Amino acid sequence: MLQSLHRSESASQRSSVSRRWSAKPPPPEAHGKAAGKPAAFFLRENRYNPRISAHPRSNETMHQSKLLIPTLKENPADADVISHRLMLRAGLIRQLASGLYTWLPLGLRVIRKVEAIVREELEKSGVQEVLMPVVQPAELWEETGRWAKMGAELCRLKDRHDRDFCLGPTHEEVITDLFRREIQSYRALPVNFYQIQTKFRDEVRPRFGVMRAREFTMKDAYSFHLDQECFDTTYREMYDCYTRILTRMDLDFRAVQADSGNIGGDNSHEFHVLARSGEDTIVFASAGDYAANLEKAKAAAPSARPEAGEDCKPVATPGVHTIDDLASFLKIDAKQTVKTLVVAGEEGPVALVLRGDDELNPIKAEKLAGVIAPLRMATDEEIKQHVGCAPGSIGPCNLELTTYVDSYAAALADFVCGANEDDVHLTGVNWERDVALDDAFVVDLRTVREGDPAPDGQGELKFLRGIEVGHIFQLDRVYSEPMNATVLDPDGKSLIPIMGCYGMGITRLVAAIIEQNHDDDGICWPEPLTPFDVHIVALNYAKSEPVREAADRLHEELSAKGFSVLLDDRGERPGVKFADADLIGLPHRITVGGRALKEGNVEYRRRTESDNRSVPLADVAGCLQS
RNA sequence: CGGAGUGUAGCUCAGCUUGGUAGAGCACUACGUUCGGGACGUAGGGGCCGGAGGUUCAAAUCCUCUCACUCCGACCA
């Protein structure tokens, strides 16, 4: 597969390249009309102007007419999310196939900015950079059992010798292998390695452009420690490091407690950039510091259970199958009912009891002993067989299944539930009296809701949407143990180190930044991340000698002062240039036009402001620095 | 993987119901007029109507099968 992949790829590249070039040969040093033009992949706006190209320039790549920045006037049909739309429209990326994107010059410059900040802060935190291969041998994954455990998301391939490989979706195996080969002494610990590398995950559903792509760039770091205390120190350091990185990017973000997947352990935080289009719901307290992913979020324990008041009685409920039906049929609040869900378990089905108005949190449920992960609801047949009725009439009374009860359901008195008999419910049911309740089986199962009391009692819970751009968590010995990574401790004994793992989505960050920094006209790059600092929009550059001279001089002057400058030297009309400038969204725009130039001025405008300011040509640099 | 939808020019889309020589706008090329917020005229170039099979005198259009892409749900940076 690997082999055929190589072959077909190079073949197609060759053919498309030769087709392109043979159709329209490039003009080497030729000037004038007779010269051919590699027009197809230069800009649509890029009119070939012999007079311009006759002028040698110091820094060709900064000239917009020579850079591939294919802006789009119309919204691409396939992009619904704002960042995706703007990235296509501003010419940052182009899609190759589902979940695969080519980064064009402008987008790549932003990636480099993001990477630079990430690198600087990681180095400050004492993390050392390495670079591991994208292609990884199956043997390593077999050692940890993930070769079998990972599904189709792991892209597998074979080399010419028919040996198994995969495209790395993550690098725990590789780094642990490196560690066990190279590090033998406790004295080397703690160590922390990072890389910025392409990952491939064959996502079931890539979406939102580069936000959830199959191939993407991630910064991943892995640390090794002798003991928990040492790990905790590094974990805090990484938490602070991530906070510094996102703060430097001017992002509005939240660190939240997170579920650590199948790894377990309490040390797990996600870093979310707040955005309406975010895929995750994050929960935070209106007062105090509590913040968590919805999957993980808890509410304060319910108040104590009231005394029983009613007698337990069966009631006929023909055709009533849902909690809504039940509440309206009996004219009661859904809060006074209890629902019993049956899920697949290791030794027969398991019952989960929740208050009628609550939603099951599947992440919490699948962690329970005896419950199969990923969570699967029992089929109607299984329920019929084990409970004896249809799903609409199940209840905890006389239920012969392992039963977990959510603490909110456990706090009810005189509640209504199914009678485990079709079309019959029980009213006035009370725990202990009518149903046994073992404290060990009273657990947190519900999905929290806005307005719930915060678990630490500080205010109530609020929801926001977030884009997960970072995740730090404890790996314990999940990889070091099966892979036999050990060091000798001071007493000469073998010791298996604890590991930590710290991920940050580089390409996803680019999308998240745009989600938070745009307006109706386009992107508004924050200074630390902008592909260029300054956009010089030269009106009539080709035809007006004074404009060309002023713009070129300004370009050189600002470059010399350390600004990165994009000079719009295209032969487009002013309206087109302004619209593109807004779309691309560089923070500073300088318009050089004949009108103001007569007075020796140019116009300056911040991307986030709506008014132009007239500035003498000589003062531009000072104006930018202020 | 289930559900929904879309594939026609580089882009946005019409044409399909009711088969009869493939269209518009933008973009591109040339020339001219324009030139401070997405100009205009004239003349051009560009399409295996996603692919395969079928029905038919005739298929972008009808049928079958496929492939790709997008959106909604379970996974994750």
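Keep in mind the model is a prediction, meaning the values are calculated, not measured. Just so we're on the same page: letters track the sequence lines, and every chain starts at 1.
- Stacking between A/Phe578 and B/G38 is absent: the aromatic ring centre is not both under 5.5 angstrom from the base six-membered ring centre and within 30 degrees in plane angle.
- Residue A/Arg573 places at least one side-chain N or O closer than 4.0 Å to OP1 or OP2 of B/A39.
- Residue A/Gly470 is in sugar-phosphate contact alone, with no base atom involved, counting any heavy-atom pair closer than 4.0 Å across all strands shown.
- Rounded to whole Å, the separation between the C1' atoms of B/G51 and B/G32 comes to 45 Å.
- Listed by chain and residue number, A/Gln64 satisfy the side chain to side chain donor-acceptor pair (under 3.5 Å) test with A/His535 (two or more places apart in sequence, or in another chain).
- Between the C1' atom of B/C35 and the CG atom of A/Leu539 lies a distance of 9 Å, rounded to the nearest Å.
- Rounded to an integer number of Å, the gap from A/Phe271 CZ to B/A77 C1' is 13 Å.
- Under the Watson-Crick or G-U wobble criterion, with both distances below 3.5 Å, B/U64 is paired with B/A52.
- Rounding to whole angstrom units, CG of residue A/Asp568 and C1' of B/G37 are separated by 13 Å.
- The list of salt bridge (Lys or Arg N to Asp or Glu O under 4.0 Å) pairs with a residue in residues 201-211 of chain A, not counting sequence neighbours, reads A/Asp202-A/Arg214, A/Glu203-A/Arg212, A/Arg207-A/Glu279.
- With sequence neighbours left out, A/Tyr242 forms a ring pair (Phe, Tyr, Trp, His ring centres under 6.0 Å) with A/Phe271.
- Contacts of A/Glu468 classified as salt bridge (charged side-chain N to carboxylate O under 4.0 Å, His left out), with partners at least two apart in sequence or in another chain: none.
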Could you encode protein contacts along nucleotides 66-72 of chain B as a string, one character per nucleotide from 5' to 3', using B for base contact, S for sugar-phosphate-only contact and - for no contact, with a heavy-atom cut-off of under 4.0 Å? ---SSBB
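- Cation-pi contact between A/Arg156 and A/Trp147: present, with separation from the ring centre below 6.0 Å and deviation from the ring axis of at most 45°.
- Of the candidates B/G38, B/C75, B/U34, B/C75 carries the atom nearest the A/Arg212 side chain, counting heavy atoms from C-beta on.
- Comparing B/A77, B/G38, B/A74 by their closest approach to the side chain of A/Arg89 singles out B/G38.
- Annotation: side chain to side chain contact (heavy atoms under 4.5 Å, CB included) contacts of A/Val134 (sequence neighbours excluded): A/Leu167, A/Gln197, A/Thr198.
- If you take atom P in B/A24 and the same atom in B/C65, they sit 35 Å apart, rounded to whole Å.
- The side chain of A/Glu74 lies closest to B/U12 when the candidates are B/A74, B/A77, B/U12.
- The salt bridge (Lys or Arg N to Asp or Glu O under 4.0 Å) pairs that include a residue from residues 240-251 of chain A are A/Glu120-A/Arg248, A/Glu121-A/Arg244, A/Glu121-A/Arg248, A/Glu237-A/Arg244, where partners are two or more places apart or lie in different chains.
- Comparing the C1' positions of B/U42 and B/C16 gives an interatomic distance of 34 Å, to the nearest angstrom.
- No engagement by A/Met377 is indicated, since no non-hydrogen atom pair under 4.0 Å with the nucleic acid exists.
- Comment: A/Glu129 engages A/Arg119 in a salt bridge, judged by a side-chain N to carboxylate O separation of less than 4.0 angstrom.
- Within the shown strands, nothing qualifies as a pairing partner of B/C75 under the Watson-Crick or G-U definition with both distances less than 3.5 Å.
- For the contact set between residues 504-525 of chain A and RNA chain B, defined by any heavy atom under 4.0 Å, the members are A/Gly505, A/Arg508.
- For B/G20, the paired nucleotide is B/C57, the pair qualifying as Watson-Crick or G-U wobble because both relevant distances are below 3.5 Å.
- A/His269 and A/Tyr235 share a donor-acceptor pair across their side chains, judged by distance under 3.5 Å alone.
- Summarising the base pairing, B/U70 is matched to B/A4 through a Watson-Crick or G-U wobble pair whose two defining distances lie under 3.5 Å.
- Nearer to the 5' terminus of RNA chain B, by closest-nucleotide assignment, is the contact made by A/Gly575 (compared with the other of A/Ala213 and A/Gly575).
- Ion pairing between A/Asp580 and A/Arg570 holds under the 4.0 Å rule for side-chain N and carboxylate O.
- Within the structure, ring pair (Phe, Tyr, Trp, His ring centres under 6.0 Å) contacts touching residues 574-611 of chain A (residues at least two apart or in different chains) are A/His588-A/Tyr604.
- Residue A/Glu172 contributes atom CD, which lies 12 Å from atom C1' of B/A77 at whole-angstrom precision.
- B/C75 and B/C67 have their P atoms separated by 27 Å, with the value rounded to a whole Å.
- Base pairing annotation: B/C35 forms no Watson-Crick or G-U wobble pair, as no partner gives both donor-acceptor distances under 3.5 Å.
- Protein atom CD of A/Glu279 is 13 Å distant from nucleotide atom C1' of B/A74, rounded to whole Å.
- As judged by a 4.0 angstrom heavy-atom cut-off over every strand, A/Gly594 is placed among the base-contacting residues.
- Comparing B/G38 with B/G3, their P atoms sit 48 Å apart, to the nearest whole Å.
- Of the listed nucleotides (B/U34, B/G37, B/A77), B/G37 has the atom at the smallest distance from the side chain of A/Arg589.
- One atom, CG of A/Leu72, and another, P of B/G10, lie 14 Å apart when rounded to the nearest Å.
- We find that CD1 of A/Ile69 is positioned 17 Å from C1' of B/A27, with the value rounded to whole Å.
- In this structure, A/Ile363 and A/Arg605 both approach RNA chain B, and ranking their closest nucleotides by distance from the 5' end singles out A/Arg605.
- Using the Watson-Crick or G-U wobble rule with both distances under 3.5 Å, B/U42 pairs with B/A30.
- Comparing the C1' positions of B/U61 and B/G23 gives an interatomic distance of 14 Å, to the nearest angstrom.
- Remark: the separation of the P atoms in B/A59 and B/G41 is 38 Å, to the nearest Å.
- A/Glu173 and A/Arg146 are joined by a salt bridge, as a carboxylate oxygen and a charged side-chain nitrogen come within less than 4.0 angstrom of each other.
- Using a 4.0 Å heavy-atom distance criterion, A/Pro362 is classed as making no nucleic acid contact.
- Using a 4.0 Å heavy-atom cutoff across all strands shown, A/Val469 reaches sugar-phosphate atoms only and no base atom.
- Using C1' as the reference atom, B/U55 and B/U70 are 31 Å apart when rounded to the nearest Å.
- Ion pairing between a basic and an acidic side chain is recognised when a charged N comes within 4.0 Å of a carboxylate O; A/Arg607 and A/Asp519 show such pairing.
- Going from atom NZ of A/Lys73 over to atom P of B/U12 covers 14 Å, rounded to whole Å.
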